**Student:** 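The structure under discussion is supplied below as structure tokens; questions concerning it will follow.
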Amino acid sequence: MTDTKMDLKNEQATVHLAHALAALAQPGDALLLTGPLGAGKSVFARAFLRRFCGDDALEVPSPTYTLVQTYQAPACVVSHFDLWRLGGPDELEELGWDDAREGVVLVEWPERLEDLTPPDALHLDLTVGPDGARKVHLRGWGGRLDGAALPASFPA
């Protein structure tokens, strides 16, 4: 299992990480984003979706109120879930969770998945220090990232 920590020196570093992971993502993958408001979850999600879908101008609205937005990428459908307002994991069925798992799922506030958390998911724990420095802790994908060219930090 991959267990890597990285410094994200600025917003562009978060974008670079999203692009690197989008190049590795494949159907059936789940990326779970945790962290406080302002940690970069939305920046990461927007950059990931644009790269994975092959459209740098792709409009990526927040799924906070709709709970899920879907996008057709060349490889598969990718679903961006924001579970902040989810009442419980039983509501995921109504949102098409099982079908979405055939493609790529990107999930903000994944702790709301509870027992539905995919065991092979890539967990991205984003943090912001008191000085504003951002870090990410990557765990999962069954060691797939172990051979990937991901540096310890992403400079501008």
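Predicted model, so just to flag it, every value in this text is computed and none were measured. For reference, positions follow the sequence shown, starting with 1.
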**Student:** Nearest heavy-atom pair of Met6 and Leu17: which atoms, and what distance?
**Tutor:**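 In terms of heavy atoms, the two residues are closest at SD-CD1, 4.1 Å.
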**Student:** Let's go through Asn10 and Arg134 carefully: what are the C-alpha distance in whole Å and the side-chain angles of both, what is the deciding distance for side-chain contact (heavy atoms from CB on, under 4.5 Å) to 0.1 Å, and is it a yes or a no?
**Tutor:** CA-CA 7 Å; Asn10 53 34; Arg134 288 178 170 79; over 6 Å; no
**Student:** May I ask you to test the Thr117-Pro110 pair for a side-chain heavy-atom distance under 4.5 Å?
**Tutor:**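 The answer is no, as the side chains (C-beta and beyond) never meet within the 4.5 Å cut-off.
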**Student:** Quick one: are Phe81 and Leu92 in side-chain contact, heavy atoms under 4.5 Å?
**Tutor:**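 Yes, side chains in contact.
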**Student:** Once you round to the nearest 0.5 Å, how far does CD of Gln72 lie from CG of Asp55?
**Tutor:**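 Taking CD in Gln72 and CG in Asp55, the distance rounds to 12.5 Å.
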**Student:** Does any part of the side chain of Trp97, heavy atoms only, come nearer than 4.5 Å to the side chain of Val68, both counted from C-beta?
**Tutor:**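 No, every pair of side-chain atoms sits at 4.5 Å or beyond.
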**Student:** Do you know the tightest heavy-atom contact between Arg50 and Leu58?
**Tutor:**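 It is NE-O, 2.8 Å.
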**Student:** Please tell me if the side chains of Gln69 and Val60 come closer than 4.5 Å, counting only heavy atoms from C-beta onward.
**Tutor:**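 Answer no - side chains too far apart.
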**Student:** Got a second to check how far Leu21's CG is from Arg51's CZ, nearest 0.5 Å?
**Tutor:**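 Result: 11.5 Å between the selected atoms.
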**Student:** Quick check: are there more than 12 heavy atoms from other residues, nucleotides or ligands sitting under 6.0 Å from CD of Gln26?
**Tutor:**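 For Gln26, atom CD is crowded (more than 12 foreign heavy atoms under 6.0 Å).
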**Student:** Are any non-hydrogen side-chain atoms of Val77 and Asp99 less than 4.5 angstrom apart?
**Tutor:**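 Counting from C-beta outward, Val77 and Asp99 never come under 4.5 Å.
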**Student:** Please answer whether the main-chain N or O of Lys9 pairs with a side-chain N or O of Asp7 as donor and acceptor at a distance below 3.5 Å.
**Tutor:**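 No, Asp7 side chain to Lys9 backbone: no donor-acceptor pair under 3.5 Å.
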**Student:** How about CD on Glu93, more than 12 heavy atoms from neighbouring residues, nucleotides or ligands closer than 6.0 Å, or not?
**Tutor:**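 12 or below, so no.
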**Student:** Of the non-hydrogen atoms in Arg101 and Gly28, which two are nearest, and what is the gap between them?
**Tutor:**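 Closest approach of Arg101 to Gly28: NH1-O, 3.1 Å.
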**Student:** Taking the side chain as everything from C-beta on, heavy atoms only, tell me whether Leu31 gets closer than 4.5 Å to Trp141.
**Tutor:**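 Sidechains of Trp141 and Leu31: in contact.
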**Student:** Can you give me every donor-acceptor pair (side chain of residues 119-127, partner residue at least two apart or in another chain, under 3.5 Å) with its distance?
**Tutor:**
from, atom 1, to, atom 2, distance (Å)
Asp125, OD1, Thr34, OG1, 2.4
Asp125, OD2, Arg139, NE, 3.3
Asp125, OD2, Arg139, NH2, 2.9

**Student:** If you draw a 6.0 Å radius around CG in Asp131, do more than 12 non-hydrogen atoms from other residues or ligands fall strictly inside?
**Tutor:**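 Yes.
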**Student:** Can you see which heavy atom on Val78 is nearest to which on Cys53, and at what distance?
**Tutor:**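 The pair with the smallest heavy-atom distance is CG1-SG, 3.9 Å.
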**Student:** Treating Ile, Leu, Val, Met, Phe, Trp and Tyr as nodes and any side-chain heavy-atom pair under 4.5 angstrom as an edge, say whether Leu106 and Leu138 lie in one connected cluster.
**Tutor:**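 Shared cluster, yes.
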**Student:** Determine all donor-acceptor pairs shorter than 3.5 Å in which one atom belongs to a side chain in residues 41-48; sequence neighbours excluded.
**Tutor:**
from, atom 1, to, atom 2, distance (Å)
Lys41, NZ, Gly35, O, 2.8
Lys41, NZ, Pro36, O, 3.1

**Student:** In Å and rounded to the nearest 0.5 Å, what is the CG to NE2 distance from Asp56 to His19?
**Tutor:**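 If we round to the nearest 0.5 Å, Asp56:CG and His19:NE2 are 6.5 Å apart.
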**Student:** Using every non-hydrogen atom in the two residues, find where His80 and Leu49 come nearest and quote the distance to one decimal.
**Tutor:**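 For His80 versus Leu49, the nearest heavy atoms are ND1-CD1, 3.7 Å.
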**Student:** Can you label the angle between the Trp109 ring and the Trp84 ring as parallel, tilted or perpendicular, going by 30° and 60°?
**Tutor:**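 If you compare the ring of Trp109 with that of Trp84, the planes turn out tilted.
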**Student:** Testing the basics here: between Phe52 and Ala22, what is the closest heavy-atom pair and its distance to 0.1 Å?
**Tutor:**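 Nearest pair, atom of Phe52 first, then Ala22: CD1-O, 3.5 Å.
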**Student:** Quick check: is Val128 connected to Leu33 through a chain of hydrophobic side chains (ILVMFWY, heavy atoms under 4.5 Å apart)?
**Tutor:**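 No, because Leu33 and Val128 fall into different hydrophobic clusters, even though each may have its own neighbours under 4.5 Å.
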